[in-house]
Number of protein chains: 2
Amino acid sequence: MTGTESGVPRKQRADSRRNETALLEAAAAAFVVSGVNAPVRNIAARAGVGVGTIYRHFPTRADLIVAVYRHQVEACAEAGPVLLTESATPHAALASWIHLFVDFLVTKHGLAEAMRSDDAAFQTLHAYFLDRLVPVCAELLDAASTAGEIIPGIDALVLMHGIGNLCIGADSPDYDARLMVGLVIAGLRVR
Amino acid sequence: MTGTESGVPRKQRADSRRNETALLEAAAAAFVVSGVNAPVRNIAARAGVGVGTIYRHFPTRADLIVAVYRHQVEACAEAGPVLLTESATPHAALASWIHLFVDFLVTKHGLAEAMRSDDAAFQTLHAYFLDRLVPVCAELLDAASTAGEIIPGIDALVLMHGIGNLCIGADSPDYDARLMVGLVIAGLRVR
DNA sequence: GCTATAGCGGAACCAAGTTCCGCATATGCA
DNA sequence: TGCATATGCGGAACTTGGTTCCGCTATAGC
């Protein structure tokens with residue numbers, strides 16, 4: 001229940017907003033150096049707040065991750081339709097978009113792991129990333145499928161899930177996520 | 001330093017051996033219901049031993065996992081050459097073998113995740129699984145490559161790494177690891 | 001049987017996530 | 001401007017799970 005008896009809600013306190021942005025900055029910084037599983041106490045200390053303040057603003061780690069990466073996810077989502085109109089073929093657009101998505105993932109240490117975690121706390125992360133990006137992917141798949149360039153019936157959710165998985169551990173020297181993703185893209189083509 | 005002054009080592013105590021097999025059975029059971037990250041205390045309780053006993057026999061979780069699954073890994077490794085002689089083509093052998101590997105992984109909740117963990121504790125797991133299976137995979141890849149069925153230059157380690165990744169979360173209802181692996185196998189073919 | 005010691009159990013310690021509550025302070029109003 | 005009150009804060013305390021360590025027990029070898 002927010003607000004006074006009269007029903008008109010008191011506006012959010014200034015310090016609360018300050019803390020929220022401080023937390024976002026601190027989290028972004030912590031994620032860069034320690035990955036998205038950076039200890040809560042770390043982030044709180046960086047932001048100069050108590051741990052309780054993190055939980056008040058971002059009840060689950062997923063909420064914090066979503067908030068930190070929202071801009072980049074939006075950019076990726078918006079790139080889909082653009083690529084579709086600008087690319088030579090739908091398959092080329094699909095390939096470009098997937099590479100964009102992969103680039104996003106591999107530069108966020110631990111994000112790919114988190115994305116696929118079945119831990120309930122990551123439900124909102126899962127939901128946001130996929131709800132925002134799966135339709136875009138589906139549109140690209142559909143276009144390429146209609147053009148007869150790829151095998152039909154591929155589910156966008158499954159594909160993104162798989163692409164995400166392939167990006168796990170992408171910073172290991174004896175692995176090459178992009179190569180594997182490339183194999184998948186090649187495997188999509190009709191032969 | 002083990003043994004008496006005279007240099008002849010005292011043989012392993014009977015209770016020690018008993019505990020080791022009890023632990024293996026308990027761990028196998030725990031892995032089935034809770035995945036390979038089942039709490040140490042759980043496994044110890046199941047086996048009717050103290051936690052210290054686990055660490056004495058299996059210093060890291062990876063050691064325990066390796067011990068539990070050794071038979072199945074060996075079977076998979078040995079299947080490679082057999083498939084190569086019995087299959088119609090090297091590519092068919094490769095595909096069959098990969099499916100075998102995938103079947104092994106997807107039925108072990110959490111094993112695929114553990115396989116790719118960069119945590120130092122999982123080093124021996126990584127080492128054992130890959131050292132045992134990568135050469136087999138390399139042989140199959142080589143045969144298929146020589147036969148001109150697949151694109152050349154694919155590194156077995158990278159491929160297995162990727163296949164392992166694709167198997168993460170295979171028990172989720174909205175994912176299909178086998179489909180994704182199938183795409184990779186298709187992507188390997190020359191066109 | 002006796003002795004030396006390998007091996008055992010589990011308490012204690014550590015790391016991280018999460019909850020909760022007394023306290024501080026910003027807001028809205030007089 | 002000063003006051004009342006709800007909002008929001010900090011961080012201690014609790015939980016869970018891994019890891020270490022040490023006094024004690026039971027076995028192997030004689």
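Only this structure's heavy atoms are used, side chains among them; waters, hydrogens and symmetry mates stay out. So that the names make sense, note that chain A is the first sequence line, chain B the second, and so on, each numbered from 1.
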| request: Would you mind classifying the nucleic acid contact of A44(A) as base, sugar-phosphate or nothing, using non-hydrogen atoms under 4.0 angstrom? | output: nothing
| According to a 4.5 Å side-chain heavy-atom criterion applied to Ile, Leu, Val, Met, Phe, Trp and Tyr, with indirect links allowed, do W97(B) and I150(B) form part of one hydrophobic cluster? | yes
| query | Can you get from L140(A) to L166(A) by hopping between Ile, Leu, Val, Met, Phe, Trp and Tyr side chains that sit under 4.5 Å apart? | reply | yes
| query | Atom CG of N19(B) and atom CZ of R56(B): how far apart are they, to the nearest 0.5 Å? | reply | 8.5 Å
| How are the rings of F104(B) and Y69(B) set to each other: parallel, tilted or perpendicular (split at 30° and 60°)? | perpendicular
| message | By nearest heavy atom, map K11(A) and N19(B) onto DNA chain C; which one lands nearer the 5' end? | response | N19(B)
Kindly say if [X] contacts the phosphate of [N], meaning a side-chain N or O under 4.0 Å from OP1 or OP2.
X      : N       : result
R41(B) : dT16(D) : no
S16(B) : dA6(C)  : no
H57(B) : dC8(C)  : yes

Among [options], which nucleotide has an atom closest to any side-chain atom of [X]?
X      : options                  : result
R56(A) : dG10(D), dG9(C), dT18(C) : dG10(D)
R10(B) : dC8(C), dA12(D), dA4(C)  : dA4(C)
R61(B) : dG8(D), dG18(D), dT19(C) : dG18(D)
Q12(A) : dG8(D), dG10(D), dT27(C) : dG8(D)
T53(A) : dT20(D), dC9(D), dG17(C) : dC9(D)
D15(A) : dA6(C), dA28(D), dA26(C) : dA26(C)

In whole angstrom, give the distance that lies between atom [atom1] of [X] and atom [atom2] of [N].
X      : N       : atom1 : atom2 : answer
R18(A) : dG10(D) : CZ    : P     : 11 Å
I54(B) : dG17(D) : CD1   : C1'   : 12 Å
R13(B) : dC8(C)  : CZ    : P     : 6 Å
L23(B) : dG7(C)  : CG    : P     : 14 Å
R17(B) : dA28(D) : CZ    : C1'   : 11 Å
Y55(A) : dC14(D) : OH    : C1'   : 13 Å
N37(B) : dT19(D) : CG    : C1'   : 16 Å
F58(B) : dT20(D) : CZ    : P     : 17 Å

| request: Determine whether H109(B) and F31(B) make a side-chain contact, defined as any pair of heavy atoms from C-beta on separated by less than 4.5 Å. | output: no
| field | Position toward the 5' end of DNA chain D (nearest nucleotide), A14(B) or V51(B) | value | V51(B)
